[in-house]
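Report on one structure; see the data block that follows.
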There are 2 protein chains.
Amino acid sequence: MNMETLPIDEILKRNQLSVTDSRKKILELFKEHNGALAHSDIEKKTDEKFDRVTIYRTLQTFVEKGIIHTIPTPDNAVLYALCKDGCSSTGHHHDNHVHFVCDHCNVTYCLDSVVTPEVKLPQGFKPKVIDVVVTGICNNCEV
Amino acid sequence: MNMETLPIDEILKRNQLSVTDSRKKILELFKEHNGALAHSDIEKKTDEKFDRVTIYRTLQTFVEKGIIHTIPTPDNAVLYALCKDGCSSTGHHHDNHVHFVCDHCNVTYCLDSVVTPEVKLPQGFKPKVIDVVVTGICNNCEV
DNA sequence: AGAGATTTGCAACAGAGTTGCAGAATCTTT
DNA sequence: AAAGATTCTGCAACTCTGTTGCAAATCTCT
């Protein structure tokens with residue numbers, strides 16, 4: 001499914017979700033925002049119009065449906081970002097791209113073009129998922 | 001500093017830390033345990049002999065001194081493991097090894113022998129730290 | 001428009017982590 | 001070895017993040 005071009009209502013319907021204000025608004029935020037969002041970001045950006053609990057449940061639902069995915073960060077905060085094509089809706093995302101956290105503007109990017117590198121593990125270790133998080137300066141903050 | 005061979009009291013003294021029961025015990029746990037520990041693990045393994053707050057502060061102090069380092073995990077829990085040689089005591093660890101979380105036994109390993117792979121970033125992105133967390137089956141749980 | 005399913009908001013709770021402060025332990029100095 | 005200064009610990013209280021149960025509101029479908 002191509003989230004980039006599909007209207008918001010359509011994305012929700014195709015995932016068998018009721019079209020509600022909170023879901024529309026939160027999904028809209030993700031489409032507008034070029035980067036990952038934390039729960040607190042969403043709370044602020046929606047002007048506290050929705051209950052905390054609603055936001056938590058909406059995010060949970062979106063993750064389950066494969067609309068968004070979570071990003072592990074070095075400081076152990078939970079971030080969410082829109083999934084691109086190829087994410088399954090079973091919760092097992094093919095989330096094989098690199099994430100980048102900017103030290104300066106603090107924005108987290110999904111670098112979809114950068115594929116997770118191979119890692120050679122010691123004998124007996126069998127990898128399933130490889131998460132790569134790069135911290136540094138992004139192309140907006142670069143001088 | 002070589003943490004592997006140095007006696008516990010010596011490690012504390014060299015980091016200008018008072019030698020106290022809690023610090024000795026917690027450091028001992030890290031030396032005995034071949035893997036990462038969470039705050040809750042330490043609470044259990046010390047038989048609740050020390051206050052939660054003391055454990056938090058001890059871990060914080062150890063991180064600041066470069067004795068242990070934190071590990072980012074996919075499920076956003078905070079884990080700690082002993083630093084090897086080369087960790088600075090300024091908080092900027094040269095923590096350039098891969099971490100491995102076993103799906104089965106749930107142990108987290110520092111794979112010191114596995115060096116973080118290079119990642120090619122898009123124009124303008126300047127990397128500083130690269131965190132790699134691999135999830136899978138470890139060499140103990142392998143059939 | 002109305003029945004039935006889904007979703008929301010509230011309240012209450014659980015867990016993780018932090019802060020201030022008084023008392024206890026440790027270190028330093030003699 | 002003991003006093004004084006410094007550092008550390010434990011308690012209480014608090015914040016922040018996330019979860020659960022339930023009644024009321026909203027949405028879907030015909």
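Chain letters run A, B, ... following the sequence lines, proteins first and then strands; every chain starts at 1.
- Chaining together hydrophobic side chains whose heavy atoms lie under 4.5 Å apart places A:V101 alongside A:V133.
- With sequence neighbours left out, the side-chain hydrogen bond (donor to acceptor under 3.5 Å, both in side chains) criterion links A:E10 to A:R14.
- Counting only distance, with no hydrogens or angles, the side chain of A:R23 and the backbone of A:L17 share no donor-acceptor pair below 3.5 Å.
- Listed by chain and number, the residues in a side-chain hydrogen bond (donor to acceptor under 3.5 Å, both in side chains) with B:K128 are A:D103 (sequence neighbours excluded).
- Look at CZ on A:R23: it is 6 Å from C1' on C:dT7, rounded to the nearest Å.
- Rounded to an integer number of Å, the gap from A:K49 NZ to C:dC10 C1' is 18 Å.
- Shown here are the side chain to side chain contact (heavy atoms under 4.5 Å, CB included) partners of B:Q60, two or more places apart in sequence or in another chain: B:E64.
- For A:P122, the side chain to side chain contact (heavy atoms under 4.5 Å, CB included) partners at least two apart in sequence or on another chain are A:F125, B:L111, B:S113, B:V114.
- When the salt bridge (Lys or Arg N to Asp or Glu O under 4.0 Å) test is applied to B:K24, no partner is found at least two apart in sequence or on another chain.
- Qualifying side chain to side chain contact (heavy atoms under 4.5 Å, CB included) partners for B:K45, counting only residues two or more places apart in sequence or in other chains: B:L29, B:H33, B:L37.
- With sequence neighbours excluded, the residues that form a side chain to side chain contact (heavy atoms under 4.5 Å, CB included) with B:R57 are B:V53.
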Pick out the pairs of N or O atoms, protein on one side and nucleotides 24-30 of chain C on the other, that lie under 3.5 Å.
residue: C:dC27; atom: OP1; partner: B:V19; partner atom: N; Å: 2.8

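- Legend: residues meeting salt bridge (Lys or Arg N to Asp or Glu O under 4.0 Å) with A:K44, ordered by chain and number and at least two apart, are absent.
- One atom, CD of A:E64, and another, P of C:dT7, lie 11 Å apart when rounded to the nearest Å.
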For nucleotides 16-23 of chain C, just jot down a letter per nucleotide in 5' to 3' order: B, S or -, based on protein non-hydrogen atoms under 4.0 Å. SBBBB---
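- When rounded to the nearest whole Å, the span between CD1 of A:I26 and P of C:dT7 equals 13 Å.
- Between chain B and DNA chain D, the heavy-atom contact criterion of under 4.0 Å yields a 5' to 3' nucleotide range of D:dT7 to D:dA12.
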